[in-house]
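Sharing a structure with you now.
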Amino acid sequence: MTEQEKSELRDRIKAVQERIARAAEHAGRDPKEITLVAASKMNDAEHVRAAIDAGISVCGENRVQELLEKYEQHAYDGADLQFIGTLQTNKVKYLVGKVSLIQSVGSIRLGEAIAKEAAKHGLQQDILLEINIGREPAKSGLLIEELEEAIGLLRQKESLCIRGLMAIPPIADETSKNFGYFSEMHQVFVDILTKKYDNVNMDYLSMGMTNDFETAIACGANMVRIGTAIFGARPYQIVSP
């Protein structure tokens with residue numbers, strides 16, 4: 001990366017941090033409550049290291065193979081590493097012991113696979129349960145009515161700790177910015193929180209990305225996953241003129 005590119009990256013990170021702070025303050029919340037996860041998909045180890053140098057403390061990866069390649073290159077040194085993408089059960093073994101949090105646990109079967117792998121290593125793996133809040137057939141995630149069964153089964157696994165919920169709502173239009181979906185997710189989060197299940201800590205409500213994170217914060221999110229606003233448009237993205 002050139003010095004100019006690093007400077008532009010620093011400026012984008014600062015701008016995102018300022019937007020998060022304004023959104024939190026507008027909602028009457030402390031900006032320190034909001035965890036920024038830099039979604040570094042399609043960005044190489046050099047860009048990830050530069051982002052960490054510029055103040056990013058949590059990195060999120062969507063793809064196992066990409067995570068492993070950058071992990072071997074020490075791209076994430078100095079930052080917390082989380083997995084935020086769709087995960088197949090046969091790839092679980094590559095993540096346990098490397099990531100602090102697996103955000104995208106969208107089925108009981110996947111949760112059980114993570115628990116089994118973590119137990120092999122004598123670890124307790126933190127997870128978020130992913131909710132398919134928009135009920136989209138092509139997306140992974142638990143439906144709201146499946147959530148209690150999943151919690152009931154997975155909270156019994158000593159090698160797992162449920163730390164909260166995660167959602168990726170449908171693509172938002174410019175008017176709603178997914179306000180309805182985010183509000184519904186927050187209500188589900190509060191409902192689970194009040195039930196005070198053993199081995200379930202509702203620490204994180206992870207929702208909101210580049211196009212809608214301010215709305216997510218207004219609705220109660222305390223973890224946002226932001227890629228484009230930090231790293232710029234990815235090669236396959238079409239940028240409006």
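The basis for the numbers below is simple: all heavy atoms, side chains too, and nothing from hydrogens, waters or symmetry mates.
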So Glu18 and Arg22, do their side chains get closer than 4.5 Å, heavy atoms only?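 Side-chain contact under 4.5 Å: yes.
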
Atom pair CG/CD1 of Leu165 and Ile192 - distance to nearest 0.5 Å: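 The CG atom of Leu165 sits 6.5 Å away from the CD1 atom of Ile192.
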
Are Val190 and Met166 joined in one hydrophobic group, where the rule is that I, L, V, M, F, W and Y side chains link up if heavy atoms are under 4.5 Å apart?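 No, Val190 does not connect to Met166 through the hydrophobic network.
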
CD of Glu148 to CG of Leu142: how many Å apart, nearest 0.5 Å?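 Taking CD in Glu148 and CG in Leu142, the distance rounds to 12.0 Å.
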
Please report, to 0.1 Å, the donor-acceptor pairs under 3.5 Å made by any side chain of residues 125-133, with sequence neighbours excluded.
from, atom 1, to, atom 2, distance (Å)
Gln125, NE2, Val99, O, 3.4
Gln125, NE2, Ser100, O, 3.3
Asp126, OD2, Arg163, NH1, 2.7
Asn132, OD1, Arg135, N, 3.0
Asn132, OD1, Glu136, N, 3.0
Asn132, ND2, Glu136, O, 2.9
Asn132, ND2, Lys139, O, 3.3

Going by the side chain to side chain donor-acceptor pair (under 3.5 Å) test, which pairs reach into residues 185-194, not counting sequence neighbours?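 Qualifying pairs, neighbours excluded: Gln187-Asp191.
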
Are Ile168 and Leu143 grouped together when hydrophobic residues (ILVMFWY) are joined by side-chain heavy atoms under 4.5 angstrom apart?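 Hydrophobic grouping puts Ile168 apart from Leu143.
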
Measuring from Met207:CE to Arg225:CZ, what's the distance to the nearest 0.5 Å?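 Nearest 0.5 Å value for the CE-CZ distance: 10.0 Å.
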
Atom NE2 of residue position His121 - does it have more than 12 heavy atoms of other residues, nucleotides or ligands inside 6.0 Å?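 Yes.
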
Counting N and O atoms only, with roles assigned by atom type, does the side chain of Ser104 sit under 3.5 Å from a partner on the main chain of Gly85, one being a donor and the other an acceptor?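 Indeed, once roles are kept as given, a pair shorter than 3.5 Å links the two residues.
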
Are Leu87 and Leu101 connected into the same hydrophobic cluster when the rule is that any two of I, L, V, M, F, W, Y join if their side-chain heavy atoms are below 4.5 Å apart?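 Leu101 and Leu87: separate clusters.
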
Group every Ile, Leu, Val, Met, Phe, Trp and Tyr by side-chain heavy-atom contacts under 4.5 Å, then state whether Leu154 and Tyr204 land in the same group.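 Shared cluster, no.
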
Compare all side-chain heavy atoms of Arg19 with those of Phe213 and state whether any distance is below 4.5 angstrom.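 They are in side-chain contact.
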
Would you kindly say whether Gln4 and Glu8 are connected by a side-chain donor-acceptor distance under 3.5 Å?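 Side-chain D/A pair, Gln4 to Glu8: present.
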
Are a donor atom and an acceptor atom from the side chains of Tyr71 and Glu61 found within less than 3.5 Å of each other?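 Judged by distance alone, the side chains do not pair up.
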
Tell me which donor-acceptor pairs under 3.5 Å the side chains of residues 106-115 have, and how far apart each pair is, sequence neighbours excluded?
from, atom 1, to, atom 2, distance (Å)
Ser107, OG, Leu110, N, 3.0

Candidates Val224, Ile20, Val58 - the one meeting side chain to side chain contact (heavy atoms under 4.5 Å, CB included) with Thr35: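 Result: among Val224, Ile20, Val58, Val58 is the only option passing the side chain to side chain contact (heavy atoms under 4.5 Å, CB included) with Thr35.
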
Where do Pro169 and Phe182 come nearest, in terms of heavy atoms and distance?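 Shortest heavy-atom contact: CG-CE2, 3.6 Å.
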
Could you tell me whether the side chain of Lys157 reaches within less than 4.5 Å of the side chain of Lys116, counting heavy atoms only?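 No, side chains not in contact.
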
More than 12 non-hydrogen atoms from neighbouring residues, nucleotides or ligands closer than 6.0 Å to NZ on Lys14, yes or no?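 12 or below, so no.
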
Does the Glu72 side chain pair with the main chain of Leu68, one donor and one acceptor, at a distance under 3.5 Å?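 No; judged by distance alone, with no hydrogens or angles, the pair does not exist.
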
hydrophobic_cluster_shared for Leu205 and Leu36, side chain cutoff 4.5 Å: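 Unlinked, Leu36 and Leu205 end up in two clusters.
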
Around atom CG of Asp30, are there more than 12 heavy atoms from other residues, nucleotides or ligands closer than 6.0 Å?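 Yes - once you tally the heavy atoms of other residues, nucleotides and ligands closer than 6.0 Å, there are more than 12.
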
Is the number of heavy atoms from other residues, nucleotides or ligands under 6.0 Å of Gln124 CD greater than 12?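 More than 12 heavy atoms, drawn from other residues, nucleotides or ligands, come within 6.0 Å of this atom.
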
So Glu46 and Arg49, salt bridge (Lys or Arg N to Asp or Glu O under 4.0 Å) or not? Walk me through it. CA-CA 5 Å; Glu46 184 181 15; Arg49 282 192 289 265; over 6 Å; no

